[in-house]
Amino acid sequence: MPSTDSAVPVSRSRVERIRRLVVAAARWVTIGAALGAAISLALLIVWTPRAATDTAFALGALVLGFGVIAWSTAVGLGHTIEGMKAHLDVSAGWTEASAREAFFVVSWTGAGWVVAAAACSILLGV
């Protein structure tokens, strides 16, 4: 059973991996926030501020939702899909690790997009 004692040291590789994940997540949230703000402002050309920010938020939520669902599917069925590929002797480039990484990017980009669209809504007084 793993220890819950806080005095137990954490391995350097684990700390480094967590640091890399946090940096990557922050990078993709920033990119998503830029997209969300740009789309919110671009939609102001066509629609009212409320409609523009609501649409930008909905698009960001769609990206976030797709990313989370696809990531969880990759995690849950990854070994099964890889096993089926091996059984059928299909030489596709799909791997569980690459799918998890791709949907990590999509999920965090969507999260930044949603937050930026909401922030634009607040800044525009909607």
Side-chain angles (χ1 to χ4, degrees):
M1 175 174 233
S3 174
T4 58
D5 183 9
S6 62
V8 175
V10 179
S11 70
R12 280 196 170 183
S13 63
R14 186 175 186 101
V15 170
E16 179 60 25
R17 183 170 187 271
I18 291 170
R19 188 193 68 74
R20 282 193 333 259
L21 285 173
V22 168
V23 168
R27 179 178 59 230
W28 289 110
V29 164
T30 303
I31 290 169
L35 276 171
I39 290 172
S40 293
L41 297 175
L43 289 174
L44 285 174
I45 296 170
V46 186
W47 290 323
T48 65
R50 181 176 185 99
T53 56
D54 285 355
T55 302
F57 183 89
L59 291 172
L62 184 66
V63 170
L64 174 61
F66 173 74
V68 170
I69 288 172
W71 174 81
S72 64
T73 301
V75 169
L77 297 176
H79 293 298
T80 303
I81 294 170
E82 285 181 346
M84 186 60 83
K85 276 181 27 187
H87 179 71
L88 295 175
D89 196 27
V90 177
S91 61
W94 190 94
T95 63
E96 178 190 0
S98 65
R100 282 185 293 135
E101 183 177 345
F103 296 122
F104 170 89
V105 168
V106 173
S107 297
W108 284 109
T109 302
W113 185 331
V114 165
V115 170
C120 283
S121 179
I122 292 168
L123 291 174
L124 292 172
V126 176

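Position 1 is the first residue of the sequence, and the numbers go up from there.
- Residues Ser107 and Gly67 come closest through the heavy atom pair OG-C, 2.9 Å.
- The residue from Asp54, Thr55, Thr53 that alone fulfils the side chain to side chain contact (heavy atoms under 4.5 Å, CB included) condition with Trp47 is Thr55.
- With rounding to the nearest 0.5 angstrom, the CH2 atom of Trp113 is 11.0 Å from the CG atom of Leu64.
- Smallest separation of non-hydrogen atoms from Val63 and Gly110: CG1-CA, 3.8 Å.
- Following chains of ILVMFWY side-chain contacts shorter than 4.5 Å, one cannot reach Ile122 starting from Leu43, and the two form parts of different hydrophobic clusters.
- A distance of 10.5 Å separates CH2 of Trp71 from OG1 of Thr73, quoted to the nearest 0.5 Å.
- Under the 4.5 Å side-chain heavy-atom criterion for ILVMFWY residues, no single connected hydrophobic cluster contains both Val23 and Val105.
- Smallest separation of non-hydrogen atoms from Ala74 and Ala99: CB-CB, 3.7 Å.
- No single ILVMFWY cluster, assembled from side-chain heavy atoms under 4.5 Å apart, contains both Val115 and Leu35.
- In terms of heavy-atom proximity, Ala56 sits nearest to Ser40 at CB-OG, 3.1 Å.
- Not one N or O on the side chain of Trp28 forms a donor-acceptor pair closer than 3.5 Å with the backbone of Gly112.
- Atom CG of Leu44 sits about 12.0 Å away from atom CD1 of Ile39, to the nearest 0.5 Å.
- Closest non-hydrogen pair, Phe104 versus Leu21, comes out as CZ-O, 3.7 Å.
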Going through the checks in order, is the side-chain contact (heavy atoms from CB on, under 4.5 Å) test met by Val75 and Phe103? CA-CA 10 Å; Val75 169; Phe103 296 122; over 6 Å; no
Verdict with reasoning, Phe66 to Val106, per side-chain contact (heavy atoms from CB on, under 4.5 Å): CA-CA 8 Å; Phe66 173 74; Val106 173; 4.2 Å; yes
